[in-house]
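The structure follows.
Numbers for residues simply follow the sequence, beginning at 1.
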Amino acid sequence: MKTALLLILLLPVIVFADTDGLTGKVMCGYQGWFRTPDDGANNGWFHYGGRKFEPGSCNIDLWPDVRELPASARVPTPFKHPDGSTAEVYSSVNRDAIALHFKWMREYNIDGVFIQRFATTTRDPRFRKPMDAVLDACRKAAQENGRCWVPMYDLSGLRPGNAAVVINDWKRLVEDFQLTDATKNPALLRHRGKPLVALWGLGFSDRAPMLDDWKELVRFFKNDAAPGGCTVMLGVPTYWRTLKNDAITDPVLHGVIASADVVSPWTVGRHNNLKDAASYAAKTVSADLAWCREKKLDYLPVAYPGFSWHNLSVGRGKQASVNAIPRLGGRFFWKQCRELQRAGTEMLYVAMFDELDEGTAIFKTRSDPPTGASPFVAEPDIPNDHYLWLTGMAGKYLRDKNTTSGDDLPTRAK
């Protein structure tokens, strides 16, 4: 009897994922694009700084907190913290790093992530191979931690007439990883009874319209006999419904959106203060929801903690300010979450889990970032897990339908 009890105690704890639909869930975007010279991907300091990553040559505005990673997963850099210690980062292809991120999602009750897959780079094995490794590690870590995940194709940079790039990559993924098989990929979220696939970047005015390609992609993912049969989510401009500002003016876009199942307007950078966040939810979101209900579409709004891309902009020959949209200790993010809920939304996309380049990351970052030629955003009085906790609380309020309390940050137990 004692031996049997000991064996039971030694068995791993299995956490089952809730993969049944988006309703009531808080999902984050997961870039998974950071590389280091020694990680085997041969991409150099990809998304950290390019060819060089040193003070004055840097693309990130937040510094990741890697102290919970094993020493083998921490990568030293030429940067120094204020106390003179060597500043370390991580590679997104490192399985220990991915495992830790999904562990955090479980600990803070964040439902899962949209794993970004950049369509233009799927044609190049140098970038496709590490993206495949990230996807594989994420799907396993999600299952082990009871989280869910969704593949998201970012169509940025894809030229008209190249829908086949996405289609061919998806066919290969389905063959290699059996993505649409629920027994092989139990953590892949299923919405409306089918595997969910997201296509991001349709209808933005800063890129060439690809209406025929967008129609083809929606048709393929929804109706193709073999690798299709999916529910389709579209990432669209903030003003997709009115066809103004960041959206193309062609009304055909509405037909493309109506042919999908879920619409998710991208709002990062579109409002930069508490008043504008409230106005957007009350006016634009309410009308968006009415349009979607009429078309029988689900609506997944976006909230983000703040924005900063000073270091990245310098590398592009620009000069954006540091901390362009301040986080305000979480009040900016929380205001968006509360106002979106008041408008009647039932699900939430948080941008982003690990986005250091544009300063929207919600995972643990350092409050004592490196000093020197490259400035960083930090909130010294805020715990390093503050935004993970707030994101989890946003999910709790969403599921509890707690719409009556005020905008003050929830109280955190000590």
key: salt bridge (charged side-chain N to carboxylate O under 4.0 Å, His left out) partners of residues 263-278, not counting sequence neighbours, each pair once   = Asp246-Arg270
ask   = What pairs meet the salt bridge (charged side-chain N to carboxylate O under 4.0 Å, His left out) rule with one or both residues in residues 293-312, with sequence neighbours excluded?
value =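 Listed by first then second residue: Arg192-Asp298.
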request  = Kindly say whether Asp357 contributes a backbone atom to a donor-acceptor pair with the side chain of Glu355 at under 3.5 angstrom?
outcome  =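 Yes; judged by distance alone, with no hydrogens or angles, the pair exists.
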request  = Pick out which of Cys138, Cys148, Cys28 makes a side-chain contact (heavy atoms from CB on, under 4.5 Å) with Val113.
outcome  = Cys28
ask   = Just by distance, do the side chain of Arg35 and the backbone of Gly44 share a donor-acceptor pair under 3.5 Å?
value = no
inquiry  = Looking at every non-hydrogen atom in both residues, tell me the closest pair between Val165 and Thr122 and how far apart they are.
reply    =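 Shortest heavy-atom separation between Val165 and Thr122 comes out as CG1-OG1, 3.5 Å.
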remark   = Between Gly392 and Arg399 the two heavy atoms that sit nearest each other are O-NH2, 4.5 Å
ask   = Looking at Asp65, Leu100, Val66, which one forms a side-chain contact (heavy atoms from CB on, under 4.5 Å) with Tyr90?
value = Val66
request  = List in chain and number order the residues that pass ring-ring contact (aromatic ring centres under 6.0 Å, His included) with Tyr153, two or more places apart in sequence or in another chain; answer none if no residue qualifies.
outcome  = none
query = Sub-3.5 Å donor-acceptor pair from the side chain of Asp354 to the main-chain atoms of Gln31, do we have one?
reply = yes
Tyr108 versus Asp385, side-chain donor and acceptor atoms under 3.5 Å =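 Side chains of Asp385 and Tyr108: pair found under 3.5 Å.
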key: Donor + acceptor pair across side chains of Thr86, Lys80 (<3.5 Å)   =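 The criterion, which ignores hydrogens and geometry beyond distance, is satisfied for Lys80 and Thr86.
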key: Donor-acceptor under 3.5 Å (Asp39 side chain, Thr36 main chain)   =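 Yes, Asp39 side chain to Thr36 backbone: donor-acceptor pair under 3.5 Å.
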side-chain contact (heavy atoms from CB on, under 4.5 Å) partner of Val350, chosen from Val302, Ile110, Leu390, Val26 =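 Going through Val302, Ile110, Leu390, Val26 one by one, the side-chain contact (heavy atoms from CB on, under 4.5 Å) with Val350 is satisfied by Val26 alone.
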query = Hey, are Gln116 and Trp200 close enough side-chain-wise for a donor-acceptor pair under 3.5 Å?
reply = no
ask   = Looking at Met233, Met27, Met152, which hits side-chain contact (heavy atoms from CB on, under 4.5 Å) with Ser264?
value = Met233
inquiry  = Salt bridge or not between Arg172 and Asp132? Use side-chain N to carboxylate O under 4.0 Å.
reply    = yes
